[in-house]
Structures are given as C-alpha cells and as structure tokens.
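Any value given below was found using the heavy atoms of this structure, including those in side chains, with hydrogens, waters and symmetry copies removed. In what follows, chains carry the letters A, B, and so on, assigned in the order in which the sequence lines appear, proteins first and then strands, with residues in each chain numbered from 1.
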Amino acid sequence: MKQKISPSLDAVVADIPDGARIMFGGFGGAGFPNNLIQALSRKGIKEITAISNNCGTREGELGIMFKNGQVRHVIAAFPGPHSNYFQECYAKGEVTCELVPQGILCERMRAAAAGLLGFYTTVGVGTEVANGKEERVIDGKRCILEKPIHADFALIKAEKADELGNLTYRLAARNFNPIMAMAASTTIVEVDEIVPVGSIEPENVITPAIFVHRIVQAKGLRYAG
Amino acid sequence: MKQKISPSLDAVVADIPDGARIMFGGFGGAGFPNNLIQALSRKGIKEITAISNNCGTREGELGIMFKNGQVRHVIAAFPGPHSNYFQECYAKGEVTCELVPQGILCERMRAAAAGLLGFYTTVGVGTEVANGKEERVIDGKRCILEKPIHADFALIKAEKADELGNLTYRLAARNFNPIMAMAASTTIVEVDEIVPVGSIEPENVITPAIFVHRIVQAKGLRYAG
Amino acid sequence: MPDKPRLSREQIAQRAARELTDGAYVNLGWGIPNLIADYLPKGITVYFHSENGILGMGRRARPGEEDYDLVDAMKVPVTLIPGASFFNQADAHLMTRGGHLDVAVLGGFQVSEKGDLANWKIPGSKGIGNIGGAMDISAGAKNLIVCMEHNTKDSAPKIVKQCSYPLTGIGCVNTIITDLAVIDVTKSGLVLREVAPGWSPEEVQAQTEAKLQVRGRVPEINLG
Amino acid sequence: MPDKPRLSREQIAQRAARELTDGAYVNLGWGIPNLIADYLPKGITVYFHSENGILGMGRRARPGEEDYDLVDAMKVPVTLIPGASFFNQADAHLMTRGGHLDVAVLGGFQVSEKGDLANWKIPGSKGIGNIGGAMDISAGAKNLIVCMEHNTKDSAPKIVKQCSYPLTGIGCVNTIITDLAVIDVTKSGLVLREVAPGWSPEEVQAQTEAKLQVRGRVPEINLG
C-alpha cells in the first residue's frame, strides 16, 4: 500500500515551491485547512497564486498569508470585507485579484478536474466579469466562454480520512473541498481523524482516495472570525 | 409538505406524452427503473426520444420499448450487442441513434442540469463523433464543442427515498441515476423503500430532494440478462 | 418626497414571504432577504438553500447551540429541518444556475426597467468588491425577487431606466418588492402590482425613474 | 508468416500486468485487458476503476456470491477490496478524462505509428457500433496501454501507418503490448522495447506495417 499519511504539517507542505498555484478550501469559517495554511505561511513561502472563495478574516484562514505578503495573485469570488490584510495589499498593488462568480469558480475548477477545456455560461454576461472573454449566442442566449482553473496543490480540510485517502466531511464544512481535491495536481488534506481502511462505508465516501495524495492529522484550529 | 409519493406505477407515468424526451438510468443490469419502463410501455406511449447508456437486453430494461416500436430516437453510448430489438428497429430505419461517448453523455446531461450552454472536450476529436461539431484549438489542444442534453422526464431507480425525495443508491446501481435526476425537468424515481423524513443522514444523501419530483415504491423486477 | 410612512425592512421581508409557497426551494441573499425566513406564512414548509451546500436550513442557532461547521452563506450558525441534505459548492450552484430553485430573493442597489440588477458593488467604493454567489443566482433563478428600499438615502430612485452601478445580471429580475411597492418586470416593462398603504400609484411613480404601468386599480400591500 | 509460438492472450495480459505499480489506479477495458487482474505482481495493491462508478474492485464474484448491483463495466458480478468507493458515472468519467487514472488498458483493432487507436467499430459491420467509455478513457489516460494480437486472423498487421478503422482517439496510445512485442509510442515514432521469446526484431518488423525503431539490443519479453 502506498503511504499517503504524513507525520507533520511542516513535512507535508515542505516541497510546495514559491510561486505555486494553490487552492484553499473553506467557506464561511467552515472547512478551512487552517493548520496547513499556518504551516505554509510558517515555511516562508512566497509569491503564490491563491484560489479561494475568499481572502480570510483578519489573521484567520488565508489572512495570515496576506499579512506576511506571501500572495501575489488571488482568484476569488468574495475576497471579503473582513479580509483587511488582503484589502491593504490590494490597495497597495502588492496583490492582483481576479474576481469570479462563485458557482463559476466551482465549475472552472471542476472543468480542470474533468479534463474539459472550457464552457459557455450566461453568468456574468453584460457585467464586468465578461470583460475580455469571448461572447457568443447559443440557442438564443448570450453567453461567455469560461476556462478551467488548474492548480499545483489543493489544501483542503475533511473530517475523516481512511488510510487510503477516502474522505468524509462534516456538515457544511464540505463546501469547496471536494471540488478542489479533484482539480489540483497534488491534494493535501488535513483531517480531524484518520481511520483504518474499510471504516468508511463505500457508499458514503464523498471524496474517493484517487483524488487525495497526502494526509495529515491535525487538531482543528478554528478562525470563526 | 408537498406530496411527491405516487400510489402506482401506472399513475406516476400517466401524463408522460407521446414524443417526450426521456432519460433512463441504469448500467450493466444495475439501477434500471424496470418497473417504470414496464408501466410506460404498458401505457402505449409512442415516438419517444430515449436517452440511455444502452438500449436494453432482449425484452429487459429498454428492450421492451423497442420491441413495441415505441422509440423514435435514441441518444446512447453503448446501444449494445444484446439489444436485438433495437438492432432490428435500427436496421429497418424505424429508430435513429446518436452515438455519444459515455463520459460525454454524462457531461452533456450535467451541463443541462447546471445551466451551462456547452463545453469543449478533446474526447472524440478526429473521430466520427466530431462530425458536424464545431472544432477549435484551446491551449494547443484540438477540441470539439458539445451541447447540453435536456429531457422532459428522467426515470430513475434508487434504493431508498425519504418522503421528501432525498435518495440513496445501492452499490454500483448508482451509475447514471443521480446525473439524470438533475438533468430532467421532471424526475420520477422508483425505489425499493420509502422511509420517513429524517431517516437519511443529511451527509449521506446522494440525490437531494430538490431534484426528485415523483416517488413510487416498486418491488424490483430485474433483468440481469 | 412625501413625508408618509414607508414599509420597514421587516415589513418588506414580510411581504416577500407571502410570495413563497408550500414545498418551495428558496435561496435568500444578504440584507432584507435574510429577514424573510422569520415571516413565513403559517402551515407551509419552505426548503432554504444555502450556496455553501445546504438544503433545508432551519432557524438560526440559539446561543449555546452554535456549530461553526453549520453556517449559512452569511457565516451565521443555523439549524436544520428534517429532510435536510449537504452537497458540495459546485452542486449548490448547479442548483442556482440550473434553474432548480423555485425562488431566489436578493438585495439590490438598482433595478432597471428591463430587469437588470446591480447589487454587488457601489461605484467609487474602495477595493475590488465581492460577487459571491449573486451572479450565478441571478442568471439561473426561475423567479428572482429583489427586495430593497425604493430610494437611496439621498432620495435617488433605485428603480431606473438603466443601471449606473456595476451589473450583477441582465434581464434577470421578475419582481421588485420595496418599502413603497410591489412591481413586476414584464416583457412590456414594469407593472405596478401593489402600493404601500397610504400611497397612490402617482406618488410611487414620482419616486421611480423608470415608467411604471398601471393596469386597473392598484391594491395596497397587505401584510395580514 | 513464421510458424513460431506467439504469446497467448493470457500471456499478453500477464506481461501487461507487470506495467502496474503498487497503489496505481487502473481501468481495464474489454477483451485481453480484462484478464490482467488475474496476473498482478505479488505484494502490490492496485485499485481497479470501473466506469459505472467503482474504485477498488476486487476479484470476480464466485458462484452464489453474485450481487447484480455490483457489476463491472462488462456486467460481470465482482467484489470489493477494502477502501473501495462508489460514485456516479459522471464522476467516474471525470476520473478517466481528467487524467486521474495512472494507467488505462484497452483492447485494440488498430494502432497507428502516431498512437491513434481504433477499437470500437469494424468497418462494414452491422449496426451503429458501441463506443461506451473508450473515447473518454483514451482521451484522458496519463498512460494508455493497448493489449491486442499483433495481427488479424487474416495475418494483416494491426500496427499500421494510418488506421483504416473508425478511430477511438488520436495520438493517445503510450504502449502497445501484443503477442509478439512491447512497443512504445514516442514523439519520434514507434520504439520496439521487447520481443516475444524466439522472435527477432526483424521478424517482428515483418509483421508490422509501421516502422519500428530499434535502440540497441531488444530483450525478450519476460513473464517471470
């Protein structure tokens, strides 16, 4: 059996290079890989592109990465009024940001996961989001072409992993995590609990192990702010 | 609470009109809505467009619909060497068929479900499947444009439904059913068991009730042939 | 501007709640829409959808009951009703964009006479702004209701010929519910369906940049 | 045609099994590929994927053990290994098309020197044909191995300059394993990696329409 379990947070992120494109799961304070984010920041990574629904809250979630000036570009749906460090970086021009409608952010990541090269949607037609995108009419509807969003790494949070990497999520802490797990070249999951292979009912697996490359058990820091 | 449970197989398909576009779940003998198919055939429906991975086996699964000359057009990935009634109808020109790669069949239905107007894929490039489809190069890759497949009805099979229509599936009888449930205007599910609301753990629901419009309990006929 | 009472934010929500029917799947956006759940008509069950992957949200969690893995799109801890389900955010927006929700209710900065909606960014505001799920919801809703005040704090009309604010979606709004009126967006333009108690159609029109069509007698909004 | 022994179908499968590594996620197609699971090298675990939504298929079900809700893509009742999971058919093909499988092994009618594959329809055959999952698999596989006989029953070469059969995918094949050889498809053409015991590279070339490059000594296929 291939060993996917890593002994520590620091070890599991050690090879993520400066400039990497990284997806971060989580929404509304739930399902953020907070321990992985702390380890990544601690390691002193630089110049990353972050793909995330939002930009953290103060020093919580992704906030610390902006506070430390470790992010160069963000792809987000809701950078957030509470992400003061992002707002400061953005105002100073230290961070660029591509704003994407939330469902389209999901679909673009899923397209990457599914080996699709682009899709047409009515979402954003006639708005700022359509700027620079190909527009056409299909079946009488104006639509724009959206391209896949790939990433080198996804940092995600699940509740349980079995030793192979099959995952389950708790309540609404699922959110972006299963999509990002599928879309990145290397998916690293922080979990509350690692259980023996066979403990998760095959019908109840939410993220199949094929999408999970590294597992680390971490007690949950939580930034509800 | 809105009542989705129907008293009988015949009642639940009674209003499906001649000429309807209908999706049928199932793969490899598992997860076929056999009782609904029998009821639909019994009702004497005509001229339907069937969207299904295959065309049944002899008189099983969709086979009966071809035997009775009730299908005008099929969209399928694997019409099947065992579907002798389809083969006869096709040879006589009584049925037309659009052959679609299986994953693309899934994606086109999912695109309909997700409100997308089309997507680009490398699947089928340079093959018969690409005939008549728009081709272009994205990121150096040749790809073709595939359009959504909508349907008026989906007939699907699940293991359990709660009274609201939340569904779970047994083993590999899941297959196309959850995708078709999302893609059709009206989804009718045949289940082994109807359980009280709240019996299915919210995290274990596979098809949320929003996609299920009618429920009927049926003992499982099965055509393993 | 007539110095007459207008509906409160709660009353706008109360009026909007009457548009919901038994068994409906409904998404409520930020602001006034988020108050609607408190005013559901008696005897109906509505399945509230949250873009973070919940169907069947119940009331907000009481103090001590909060679970921060169970929050709505505003990060507020909520509860579930029986029959709830969880799914990922892509599927949550498959529901919004694919027309699976019966009703979506969003807040608004401006709505145009063609049903264009602007609700995500105020021109000249600092920062890049926040789109969130609003564009997917507005593009896909079968029935999109916008709840907002009829005028800005500076008394400018928010129902306009053409939006001057950055757009969220074009031709997407079905009904506008404000502190002065209920207005339907039709192919032939805006139709005044109801007015706030004590207001005449002419007085409402005077607060509105876009032309409001009046078809027969316009009843007053009934919150009963 | 030299009257020398060739590998059996089982031996082709046995050779192909040696391409699989511990922990690999693998899809096996119809025909010879379906025999591979019986020949896995000792001590490794391979997670077999089935396009109907299974990861972690085990051996075929024994008589009396069959569950017709648990079948592989060939409708054959199978078993599960610990750590298996189920998912819908769209996600199953997200895996095939998105490059998530480590290895896919398909049968073939023809492979061209550019790695084009034809495996779904024989020209002139009755009916419309069956594509199934083969086009998604061939388009997306990181490492696509084709297992087939080197020649048709009429002794015609199946490894050709250009496929005359309807195509499944273009430029998709990485390795061809036949009853005569193991051949890699490279940017510069086909490279002969191994030959069947007792066969020389020249003899294999004589059975092959496309040009086979030989780089140094070509070892014999070792099934040990």
Side-chain angles (χ1 to χ4, degrees), chain A residues 25-31 53-54 57 74 76-83 86-87 90-91 96-107 109-110 113 121-130 142-143 159 169-180 182 206-207 222-225, chain C residues 30 50-55 57 66-80 84-99 114 116-118 120-121 125-140 163 165-172:
Chain A
F27 180 99
N53 180 63
N54 64 38
T57 54
V74 182
F78 199 93
H82 305 297
S83 185
F86 162 76
Q87 301 296 356
Y90 185 76
T96 53
C97 181
E98 180 185 357
L99 204 54
V100 181
Q102 192 176 89
I104 298 307
L105 179 59
C106 295
E107 283 301 314
M109 293 191 286
R110 187 183 175 281
T121 176
T122 59
V123 176
V125 167
T127 77
E128 286 184 14
V129 159
R142 287 173 64 189
C143 53
E159 183 180 23
Y169 303 87
R170 187 167 177 271
L171 307 172
R174 186 180 304 187
N175 55 63
F176 284 89
N177 289 297
I179 303 300
M180 292 174 170
M182 301 192 297
I206 301 299
T207 295
R222 184 187 299 281
Y223 299 87
Chain C
W30 293 64
S50 189
E51 63 210 58
N52 52 331
I54 316 173
L55 203 56
M57 282 192 300
E66 302 93 339
D67 183 328
Y68 289 94
D69 281 344
L70 182 52
V71 293
D72 67 11
M74 285 113 234
K75 304 180 69 162
V76 176
V78 293
T79 59
L80 297 180
S85 57
F86 294 105
F87 33 86
N88 68 48
Q89 202 115 4
D91 284 346
H93 278 298
L94 178 152
M95 293 177 192
T96 65
R97 213 177 34 238
K114 289 192 170 145
D116 298 348
L117 170 65
W120 71 278
K121 192 179 181 182
S125 63
K126 267 202 318 190
I128 190 166
N130 292 294
I131 293 174
M135 285 193 186
D136 294 271
I137 292 168
S138 63
C163 295
Y165 284 32
L167 288 174
T168 305
I170 56 173
C172 54

Please flag which part of [X] lies under 4.5 Å from any non-hydrogen atom of chain A: side chain, backbone, both or neither.
X        : result
C/Lys126 : neither
C/Ile128 : both
C/Asp72  : backbone
C/Ser138 : neither

* Between C/Gly169, C/Gly132, C/Cys172, C/Gly53, the one whose heavy-atom pairs under 4.5 Å with chain A are most numerous -> C/Gly132
* Structure fact -> If you tally heavy-atom pairs under 4.5 Å between each of C/Ala73, C/Gly140, C/Pro166, C/Ala92 and chain A, the highest tally belongs to C/Ala73
* Top contributor to chain C interface from A/Glu107, A/Met109, A/Gln87 [non-hydrogen pairs under 4.5 Å] -> A/Glu107
Minimum heavy-atom separation for [X] and [Y], please, with both atom names.
X        : Y        : value
C/Asp116 : C/Leu167 : CB-CD2, 3.9 Å
A/Gly28  : C/Val71  : O-CG2, 3.4 Å
C/Ile170 : A/Gly126 : CG2-CA, 4.4 Å
A/Ala76  : A/Asn53  : CB-O, 3.6 Å
A/Pro178 : C/Asn88  : CG-CB, 4.0 Å

* Between the side chain of A/Asn54 and the main-chain N/O of A/Gly80, is any donor-acceptor distance below 3.5 Å? -> no
Under 4.5 Å heavy-atom distance to chain C, tell me which part of [X] shows up: side chain, backbone, both or neither.
X        : value
A/Tyr90  : side chain
A/Tyr169 : neither
A/Ile179 : side chain
A/Pro79  : both

* Are A/Glu159 and A/Arg174 close enough for a salt bridge, meaning some N to O gap below 4.0 Å? -> no
* Would A/Gln102 and C/His93 count as having a side-chain donor-acceptor pair, cut-off 3.5 Å? -> yes
